[in-house]
Amino acid sequence: MVDRALKPDWNRLYEFAASQEGHFTSAQAGDAGYSPQLLQKHLKGGRIRRLGRGIYRVVHYPAGDHEDLVAAWLWSGHSGVFSHETALALHELSDAMPTAIHMTVPARWAGRRLRVPQGLLLHHADIAEKERGWVGSVRATTVPRTLVDCAASSVEPRLVLQAFEDALARGLVDRGSIPAVVAYLNGFFPASRPARVRRSSP
């Protein structure tokens, strides 16, 4: 809701947008003194563009690396965290090229009736703060949590193996800290590759 005492402050609105690859929400616009009527004026004037319900973009802001993810994250009200194959891609682990955007939202959302944006696949779980971090302007599960989630969701084993080996080589995980991932991989590669995984561990 807009505070009527506030004067529209484009610089403040731009600060919100700059931290989110040019995007902002109607709530953030309200915090900057922009009423729905004033937003509509800027929409008609071509200064901003509406991407979805309550989500906008400054038209002339430079294109970012993760614009589709930013829009999805704003849709979640900053409550979601990118996970599974999407987090693998954000962490540049393996050759993951997810066909959908994977986002984990709080477990209590499982009972909600949501209008989920096209291309967004929701998982429901409570992610601890220590298991999430920033990748550019969005939040993603940490590498260990990402690997555990992928194993638990039966993501293609060779993709998980490649991601695990990449993470080991980069010192992002150690084999002993995520036994569930090792157990998952041993179920598919009992004779060859797991031995390589063990030798690759720090």
Side-chain angles (χ1 to χ4, degrees), residues 16-29 48-59 61-167 170 172-173 178 180-181 184:
F16 285 125
S19 67
Q20 298 166 160
E21 298 195 8
H23 298 69
F24 63 91
T25 66
S26 54
Q28 291 170 332
I48 63 176
R49 180 162 53 96
R50 186 176 184 271
L51 300 181
R53 185 177 181 183
I55 301 173
Y56 302 85
R57 190 188 191 285
V58 177
V59 169
Y61 194 86
D65 293 331
H66 307 304
E67 291 204 23
D68 55 338
L69 301 185
V70 171
W73 188 51
L74 292 179
W75 168 85
S76 78
H78 297 153
S79 295
V81 56
F82 295 105
S83 59
H84 299 76
E85 292 101 310
T86 299
L88 287 182
L90 283 169
H91 290 300
E92 299 182 345
L93 291 170
S94 76
D95 298 323
M97 296 183 66
T99 57
I101 297 173
H102 293 260
M103 174 187 285
T104 297
V105 295
R108 66 181 182 276
W109 284 31
R112 294 185 179 182
R113 297 181 65 180
L114 301 170
R115 296 179 62 182
V116 181
Q118 186 175 1
L120 182 61
L121 178 61
L122 297 184
H123 305 265
H124 299 88
D126 295 321
I127 307 292
E129 186 62 29
K130 66 180 181 180
E131 294 180 312
R132 62 177 74 197
W134 290 97
V135 181
S137 56
V138 296
R139 306 214 69 182
T141 50
T142 60
V143 171
R145 175 63 193 244
T146 299
L147 291 169
V148 169
D149 284 342
C150 286
S153 297
S154 301
V155 170
E156 205 284 312
R158 292 190 182 279
L159 193 65
V160 178
L161 177 61
Q162 183 187 8
F164 185 38
E165 291 183 333
D166 286 352
R170 289 161 55 184
L172 301 175
V173 297
I178 44 178
V181 177
Y184 176 70

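These numbers were taken from a predicted model, which means no experiment stands behind them.
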- Query: Residues two or more places apart in sequence or in another chain: which of them pass side chain to side chain contact (heavy atoms under 4.5 Å, CB included) with Val59?
  - Reply: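 Expected list: Arg49.
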- Message: According to side-chain hydrogen bond (donor to acceptor under 3.5 Å, both in side chains), does anything in residues 90-101 pair up with another residue at least two apart or in another chain? List the pairs.
- Response: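 For residues 90-101: Asp95-Gln162.
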Table please: side-chain donor-acceptor pairs of residues 100-111 below 3.5 Å, with sequence neighbours left out.
residue, atom, partner, partner atom, Å
His102, ND1, His123, NE2, 2.9
His102, NE2, Glu85, OE1, 3.4
Thr104, OG1, Ser83, OG, 2.7

Could you tell me which residues satisfy ring-ring contact (aromatic ring centres under 6.0 Å, His included) with [X], sequence neighbours excluded, listed by chain and number?
X	value
Tyr184	Phe188
His124	none
Phe82	none

Once you round to the nearest 0.5 Å, how far does [atom1] of [X] lie from [atom2] of [Y]?
X	Y	atom1	atom2	value
Thr146	Leu93	OG1	CG	8.0 Å
Ile48	His23	CD1	NE2	12.0 Å
Leu69	Leu120	CG	CG	9.5 Å
Phe16	Leu74	CZ	CG	11.5 Å
Trp73	Ile55	CH2	CD1	11.5 Å
Leu147	Leu172	CG	CG	9.0 Å

- Assess the side chains of His78 and Gln20: does a donor N or O sit below 3.5 Å from an acceptor N or O?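 His78 vs Gln20: donor-acceptor pair found between side chains.
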Going by the rule side chain to side chain donor-acceptor pair (under 3.5 Å), which residues pair with [X] if we only count those two or more places apart in sequence or in a different chain?
X	result
Glu129	Arg139
Ser19	none
His66	none

- Message: Restricting to salt bridge (Lys or Arg N to Asp or Glu O under 4.0 Å), what partner residues turn up for Arg132, sequence neighbours left out?
- Response: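 Scan of Arg132 (salt bridge (Lys or Arg N to Asp or Glu O under 4.0 Å), adjacent residues dropped) gives none.
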- How would you list, by chain and number, every residue that makes a salt bridge (Lys or Arg N to Asp or Glu O under 4.0 Å) with Glu21, sequence neighbours excluded?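 Glu21 satisfies salt bridge (Lys or Arg N to Asp or Glu O under 4.0 Å) with no residue once adjacent residues are dropped.
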- Scan for ring pair (Phe, Tyr, Trp, His ring centres under 6.0 Å) pairs involving residues 139-159, sequence neighbours excluded, and state none if there are none.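 Qualifying pairs: none.
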